[in-house]
Undergrad: 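If you scroll down you'll find the structure; I have some questions about it.
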Amino acid sequence: MPPYIAVIVLTLLLGMTTAAQAQSDPVLASRAAYQEAVRAYEAHDIPTFLRHAREAERLRPTHGGVLSALASAYALAGDTAGAFSTLRRYAALGYTADLNADADLASLRGRPAFDSLGQALRANAAPLVRSHPAFTLAERDLLTEGIAYDPSTRTFLVGSVHRGKILRVHAGGRATTFAPAGLPGFWAPLGMRVDPARRALWVAASALPQTVGFDSADAGRSGVFRFDLATGALTGRYPIPVDGQPHALGDVIIAGNGDVYATDSRAPAVYRVRAGADSIERFVTSPLFLSAQGLALDAAERTLYVADYSRGLLRVDLASREVRELEAADDVLALGIDGLYMVDGSLIGIQNGVEPHRVVRLHLDAGGNRVQRAELLERARPDYAEPTLGVVVGRDLYYVAASQWEKFRDDGTIDAPETLRPPLVLRLRL
C-alpha cells in the first residue's frame with residue numbers, strides 16, 4: 001500500500017471518528033485509548049498511562065505499538081511480571097526491538113528474562129531468506145507495485161506508479177512496454193490480475209501525486225481498467241463515480257465467472273465490475289473496512305478474504321454480502337498485510353505494515369473461518385525496500401520486493417534519486 005495512503009487513512013480515522021463510533025469499534029476505541037495513554041505518559045501520570053494502555057491492548061491485543069506502550073507502562077509502574085509477560089507476547093508475534101535502548105524498561109535490566117527476551121527480539125530481526133531473484137528492471141525510478149502473469153506468453157506484467165505505465169517482462173528479464181505512459185483517463189497502476197480465459201489484464205488504478213504528470217484535479221479518483229492481453233489496448237474503463245469522498249482502489253481479483261472485485265483503501269467498501277457490465281458498482285460497504293488491501297477467493301468462490309491493514313483479515317460471504325472478522329489464534333499477527341493469495345486452503349500474505357517486513361502462510365481451519373497458525377516464509381531480506389504485491393505461478397510466489405515507495409515524495413519528486421536500486425522481483429517456492 002502506498003505509505004501516504006496509510007497516513008491519510010489514519011488521519012481521517014483519528015480526526016473524524018465520533019465518540020460513538022470509537023465506543024462501538026474496537027480498533028478505533030483502541031486508538032482513542034492509546035492517544036489517552038500517550039497524553040498521560042507525557043504528563044508523567046503513570047497510573048493513568050497504565051490504565052489506558054491496558055484498555056488499548058484489551059481492544060487490540062496484537063498491535064505492536066500498543067504492546068510496546070503497555071510493557072513500558074508496566075515497567076514504570078513497577079509491575080515487572082506484567083512487563084515481561086507483555087514483552088513475551090510482543091516477541092511471539094514476531095516484532096523486534098532494542099530493549100536496551102528503551103529507558104522506560106530500565107527497571108527490568110539485569111534480570112535473566114530481560115536478556116533472553118532481548119535475544120528473542122534480535123532473532124526476530126534476523127533475515128530469513130528462502131527466495132531467489134526472478135528478475136530486475138533497468139529503470140530505477142519505476143516505483144513498482146503490482147505484478148501479474150500471462151500463462152499463454154509466459155510473461156509477467158509489472159506496473160509503474162511513477163511512470164504511469166505497464167511493462168511486459170519476458171524470459172531473461174527483458175522488458176517491453178505493454179501499456180505506455182500518458183494513456184488518457186488512466187491513472188497509476190496498482191494491483192493487477194490476468195484473466196487468461198478472456199485474454200484480459202485487469203488493473204486497479206488511482207490518481208496519485210507520485211505519478212509523473214499527476215493532475216491535482218483527479219486527486220481521490222480511482223477505478224478498474226481492462227486491457228487486451230495481446231495488444232495492450234485499453235478496452236474498458238470503470239471509474240468510481242465522483243461522490244464527494246476520496247477513493248484508492250489498490251488490488252483486484254477475478255472470479256471464475258468473470259466478475260472483478262476491487263478493494264478501496266480510502267473508503268469502507270469493496271467494488272465489483274460484473275462480467276459484461278459497462279460500469280463499476282459498490283458491492284458491499286462495511287465499517288469493518290478501515291484500510292482494505294489484498295483480497296483472495298476460496299476454492300469454491302463463496303468467500304472473499306480481505307486483508308485490512310488496520311484490522312487484520314476479514315471474510316465476505318459473496319451470497320449474503322455479510323462481512324465479519326476472521327478469527328485467529330492469539331499468537332497470529334494479521335495486521336499490515338498488503339498482498340493476499342489463496343494457496344491450497346491457506347492464505348499467503350505479504351506483510352509490509354509491520355517490522356520487519358515478511359511473507360507468511362496463514363493456515364486456516366477446514367471451514368476457512370479461523371487462522372489456526374502462522375508460518376513464516378521469509379523475513380527481513382537485506383534487499384527489501386518495501387515489498388508490495390505478488391502473483392502465484394504454479395508452486396511459486398513472485399513478488400515485488402523493492403518497490404522503494406519511501407523514496408517517492410507526495411510532491412512527485414524523488415528523494416536522493418541516485419540511491420534508487422533496480423526494481424526487484426523475487427521467486428519464493430511455496
Side-chain angles (χ1 to χ4, degrees), residues 1 3 6 27 30 34 53 56-57 59-72 74 83-102 105 108 113-131 291 293-294 305 307-313 325-341 343 346-364 370-390 397 399 401 426 428 430:
M1 176 178 70
V27 173
S30 177
Y34 180 81
E57 184 272 339
L59 294 163
R60 209 174 184 200
T62 65
H63 190 276
V66 168
L67 287 171
S68 178
L70 180 58
S72 293
Y74 275 131
F84 279 131
S85 176
T86 303
L87 288 171
R88 288 189 190 97
R89 287 196 291 119
Y90 184 86
L93 288 166
Y95 292 113
T96 185
D98 182 357
L99 298 185
N100 287 304
D102 191 340
L105 305 179
L108 308 180
F114 184 84
D115 293 335
S116 63
L117 274 168
Q119 292 175 0
L121 291 167
R122 285 192 295 274
N124 284 348
L128 175 61
V129 177
R130 291 178 175 169
S131 64
S291 180
Q293 305 297 319
Y305 292 95
D308 189 279
Y309 231 53
S310 301
R311 196 181 297 280
L313 293 171
E325 292 186 61
L326 184 66
E327 297 179 6
D330 291 343
D331 60 351
V332 170
L333 177 59
L335 302 175
I337 291 176
D338 198 351
L340 188 70
Y341 313 94
V343 177
S346 295
L347 291 169
I348 306 297
I350 299 173
Q351 209 162 13
N352 61 18
V354 299
E355 290 288 348
H357 295 163
R358 57 193 190 173
V359 181
V360 295
R361 186 196 303 270
L362 303 171
H363 295 266
L364 304 178
R370 185 175 189 270
V371 181
Q372 295 181 309
R373 65 184 180 91
E375 176 188 356
L376 186 63
L377 301 180
E378 188 148 57
R379 175 187 63 206
R381 279 188 61 117
D383 46 12
Y384 273 171
E386 188 162 345
T388 53
L389 303 178
L397 173 70
Y399 69 102
L426 296 173
L428 176 64
L430 301 174

Undergrad: Can you see which heavy atom on Leu335 is nearest to which on Ser310, and at what distance?
TA: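 Heavy atoms of Leu335 and Ser310 come nearest at CD2-O, 3.3 Å.
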Undergrad: What's the spacing between Arg358 CZ and Gln351 CD if we round to 0.5 Å?
TA: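 Arg358 CZ to Gln351 CD: 4.5 Å, rounded to 0.5 Å.
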Undergrad: Determine whether Leu67 and Leu93 make a side-chain contact, defined as any pair of heavy atoms from C-beta on separated by less than 4.5 Å.
TA: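 Yes, their side chains come closer than 4.5 Å.
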Undergrad: So how far is it from Asn352 CG to His357 NE2, rounded to the nearest 0.5 Å?
TA: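 NE2 of His357 is found 5.5 Å from CG of Asn352.
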Undergrad: Please find the pair of heavy atoms, one from Ala91 and one from Leu117, that lie closest to each other, and give the distance.
TA: CB-CD2, 4.4 Å
Undergrad: If we ignore hydrogens and angles and just use 3.5 Å, is the side chain of Arg361 paired with the main-chain N or O of Leu430 as donor and acceptor?
TA: yes
Undergrad: Any side-chain to backbone donor/acceptor pair from Glu57 onto Leu70? Under 3.5 Å, distance only.
TA: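 No; judged by distance alone, with no hydrogens or angles, the pair does not exist.
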Undergrad: Do you know the tightest heavy-atom contact between Pro382 and Val129?
TA: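 Heavy-atom minimum between the residues: CD-CG2, 4.3 Å.
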Undergrad: Under 3.5 Å, side chain of Tyr95 to main-chain N/O of Gly64, donor-acceptor pair present?
TA: yes
Undergrad: If we only count heavy atoms from C-beta on, is the Glu325 to Val27 side-chain gap below 4.5 Å?
TA: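 No, too far: nothing below the 4.5 Å cut-off.
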Undergrad: Counting distance only, does the side-chain N/O of Gln293 pair as donor-acceptor with the main-chain N or O of Gly339 below 3.5 Å?
TA: no
Undergrad: Grab the two heavy atoms, one from Ala56 and one from Ser30, that are nearest each other, plus how far apart they are.
TA: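 In this case the closest contact between Ala56 and Ser30 is O-OG, 2.9 Å.
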Undergrad: When you look at Leu121 and Tyr90, which way does the side chain to side chain contact (heavy atoms under 4.5 Å, CB included) test go after all the steps?
TA: CA-CA 9 Å; Leu121 291 167; Tyr90 184 86; 3.6 Å; yes
Undergrad: Enter the distance from Leu362:CG to Tyr341:OH here, rounded to the nearest 0.5 Å.
TA: 13.0 Å
Undergrad: Show the numbers, then the answer: is there a side chain to side chain contact (heavy atoms under 4.5 Å, CB included) between Ser131 and Arg381?
TA: CA-CA 9 Å; Ser131 64; Arg381 279 188 61 117; 2.7 Å; yes
Undergrad: Check Pro356 against Gly94 and note the closest heavy-atom contact, atom names and distance.
TA: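 Shortest heavy-atom contact: CD-O, 3.7 Å.
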Undergrad: For the side chain of Asp308 and the backbone of Leu313, is there at least one donor-acceptor N/O pair under 3.5 Å apart?
TA: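 Not confirmed, Asp308 side chain does not pair with Leu313 backbone.
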Undergrad: Please answer whether the main-chain N or O of Pro387 pairs with a side-chain N or O of Asp338 as donor and acceptor at a distance below 3.5 Å.
TA: no
Undergrad: Can you tell me which residue among Val343, Leu428, Leu340 is in a side chain to side chain contact (heavy atoms under 4.5 Å, CB included) with Ile348?
TA: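 Only one option passes, and that is Val343.
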Undergrad: Quick one, Tyr384 and Leu426 - any side-chain contact, counting heavy atoms below 4.5 Å?
TA: yes
Undergrad: Evaluate Val371 against Leu347 for side chain to side chain contact (heavy atoms under 4.5 Å, CB included), listing each step before the verdict.
TA: CA-CA 9 Å; Val371 181; Leu347 291 169; 5.5 Å; no
Undergrad: Does atom CG (Asp330) have a neighbourhood of more than 12 heavy atoms from anything else shown, all under 6.0 Å?
TA: no
Undergrad: Which distance, rounded to the nearest 0.5 Å, do you find between the CZ of Arg60 and the OH of Tyr34?
TA: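 Atom-to-atom, Arg60:CZ and Tyr34:OH are 10.5 Å apart.
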Undergrad: Main chain of Arg130, side chain of Glu378: is a donor-acceptor contact present, judged purely on distance under 3.5 Å?
TA: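 Looks like yes, one N/O pair under 3.5 Å.
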Undergrad: Could you please spell out the steps behind the side chain to side chain contact (heavy atoms under 4.5 Å, CB included) verdict for Leu99 and Leu87?
TA: CA-CA 10 Å; Leu99 298 185; Leu87 288 171; 4.1 Å; yes
Undergrad: Side chain to side chain contact (heavy atoms under 4.5 Å, CB included) with Arg379: which of Asn124, Thr96, Val360?
TA: Asn124
Undergrad: Roughly how far, to the nearest 0.5 Å, is the CZ atom of Arg122 from the CG atom of Asp98?
TA: 7.5 Å
